Asker: 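My questions all concern the structure below.
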Amino acid sequence: MKDTYKTIAYPSEEILFKEKNSKFFGYAFPVTSEEEIKKHLEIIRKHHYNAVHCCYAFQIGTDKIQFRANDDGEPSNTAGAPIYGQIQSYGLTNILVVVVRYFGGIKLGVGGLICAYRTSAQMALEAAEIIEKTVNTNYSISFNYTNMNKVMRVIKEKNLEIISQKMETSCEIEITTRKKNAETIFNIFNSMYEINIKLID
């Protein structure tokens with residue numbers, strides 16, 4: 001089971017590509033939701049308020065993939081598709097790539113546009129730090145305080161990461177584990193007396 005994916009660590013620095021007086025500014029952002037994507041696009045549109053086109057492509061998700069390519073007024077498939085092609089060629093997900101164009105007075109033609117948007121997207125991704133992340137599963141474990149040592153021993157032995165914890169008479173801990181180990185971890189806690197484990201979506 002593949003439980004890793006590639007994305008970028010941080011937003012890339014702005015890049016600039018010039019072609020026949022047209023300027024193309026490229027950006028790449030790590031994202032996990034459409035809300036984040038909308039916010040980034042709003043900020044870029046405000047920053048480049050007098051630009052003609054703000055074209056982009058994104059892909060989010062690991063099991064269920066969501067993606068979109070937007071030409072923003074450029075001829076069909078000359079901007080969004082080549083940008084998305086670069087996301088695919090780098091094998092990335094949870095990413096947004098935006099290319100803003102200032103028209104320089106000379107038409108580039110379909111081939112020229114495809115090349116310019118593809119190159120700008122590539123430069124934005126080259127300016128970013130590509131990292132590999134694990135696909136994780138999160139569980140909530142609830143138990144009485146008397147069972148604390150039992151639970152903590154498993155967490156320590158299996159090197160599980162604690163996301164949050166609530167320690168009172170009844171305790172609740174949220175843990176995360178790599179997807180490939182998830183079933184094993186579930187079975188360990190599930191077989192323990194007086195300890196409840198449930199999957200967090």
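Remember, predicted model here, so these are calculated numbers, not experimental data.
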Asker: Just checking, any donor-acceptor pair under 3.5 angstrom between side chains of Glu132 and Tyr5?
Answerer: no
Asker: Would a 4.5 Å heavy-atom cut-off, applied to side chains only, mark Glu14 and Ile44 as touching?
Answerer: no
Asker: Okay, side chain of Asn94, backbone of Gly61: is any donor-acceptor separation there less than 3.5 Å?
Answerer: yes
Asker: Under a 4.5 Å side-chain heavy-atom rule over Ile, Leu, Val, Met, Phe, Trp and Tyr, are Met123 and Leu108 clustered together?
Answerer: yes
Asker: Checking Asp71 side chain against Gly73 main chain: does a donor-acceptor pair fall under 3.5 Å?
Answerer: no
Asker: Given the rule in the side-chain hydrogen bond (donor to acceptor under 3.5 Å, both in side chains) test, do Asn136 and Thr134 qualify, once you have shown the distances and angles that lead to the verdict?
Answerer: CA-CA 6 Å; Asn136 291 349; Thr134 56; 2.8 Å; yes
Asker: Assess whether atom NZ of Lys133 is packed by more than 12 heavy atoms of other residues, nucleotides or ligands within 6.0 Å.
Answerer: no
Asker: Walk me through whether Asn138 and Thr176 qualify under side-chain hydrogen bond (donor to acceptor under 3.5 Å, both in side chains).
Answerer: CA-CA 4 Å; Asn138 293 5; Thr176 187; 2.7 Å; yes
Asker: Supply the atom-to-atom distance Ile130 CD1 to Ile8 CD1, rounded to the nearest 0.5 angstrom.
Answerer: 8.0 Å
Asker: Do Ile185 and Ile175 have side-chain heavy atoms sitting under 4.5 Å apart?
Answerer: yes
Asker: Between OG1 of Thr119 and CZ of Phe24, what distance do you get to the nearest 0.5 Å?
Answerer: 9.0 Å
Asker: Taking a hydrophobic cluster as the set of Ile, Leu, Val, Met, Phe, Trp and Tyr residues connected by side-chain heavy atoms closer than 4.5 Å, whether directly or through intermediates, do Tyr193 and Phe189 fall within one such cluster?
Answerer: no
Asker: I need the Ile106 CD1 to Ser22 OG distance, nearest 0.5 Å.
Answerer: 8.0 Å
Asker: Does Leu160 belong to the same Ile/Leu/Val/Met/Phe/Trp/Tyr cluster as Leu199, with side-chain heavy atoms less than 4.5 Å apart forming each link?
Answerer: yes
Asker: Checking Thr93 against Thr7 for the side-chain contact (heavy atoms from CB on, under 4.5 Å) test, could you report, in this order, the C-alpha distance in whole Å, the side-chain angles of both residues, the deciding distance, and whether it holds?
Answerer: CA-CA 5 Å; Thr93 194; Thr7 188; 5.5 Å; no
Asker: What's the separation between atom NZ in Lys158 and atom OG1 in Thr177, rounded to the nearest 0.5 Å?
Answerer: 9.5 Å
Asker: If we ignore hydrogens and angles and just use 3.5 Å, is the side chain of Glu36 paired with the main-chain N or O of Thr32 as donor and acceptor?
Answerer: yes
Asker: I'd like to know if the side chain of Asn190 and the backbone of Phe186 have a donor-acceptor N/O pair within less than 3.5 Å.
Answerer: no
Asker: CD/Glu35 to NZ/Lys38 distance, rounded to the nearest 0.5 angstrom?
Answerer: 6.0 Å
Asker: More than 12 heavy atoms of other residues, nucleotides or ligands under 6.0 Å from CD of Glu172: yes or no?
Answerer: yes
Asker: Any side-chain donor-acceptor pair under 3.5 Å between Tyr84 and Gln59?
Answerer: yes
Asker: Are side-chain heavy atoms of Ser12 and Leu125 found at a separation under 4.5 Å?
Answerer: no
Asker: Taking everything shown except Glu13 itself, do over 12 heavy atoms lie less than 6.0 Å from its CD?
Answerer: no
Asker: Is the distance from the ring center of His53 to that of Tyr102 below 6.0 Å?
Answerer: no
Asker: Could you give the distance from CD1 (Ile200) to CD1 (Ile141), rounded to the nearest 0.5 Å?
Answerer: 9.0 Å
Asker: Could you tell me whether the side chains of Glu34 and Gln66 share a donor-acceptor contact shorter than 3.5 Å?
Answerer: yes
Asker: Look only at the side chain of Asp72 and the backbone of Cys54, and say whether a donor-acceptor pair between them is shorter than 3.5 Å.
Answerer: yes
Asker: Is Phe143 reachable from Ile197 through a run of hydrophobic residues whose side-chain heavy atoms are each under 4.5 Å from the next?
Answerer: yes
Asker: Is it true that a side-chain atom of Thr78 and a backbone atom of Glu74 form a donor plus acceptor pair closer than 3.5 Å?
Answerer: no
Asker: Less than 4.5 Å apart, side chain to side chain, heavy atoms only: is that true for Ser164 and Ile173?
Answerer: no
Asker: Does any part of the side chain of His48, heavy atoms only, come nearer than 4.5 Å to the side chain of Phe25, both counted from C-beta?
Answerer: yes
Asker: Looking at Phe58 versus Phe67, is the centre-to-centre ring distance below 6.0 Å?
Answerer: no
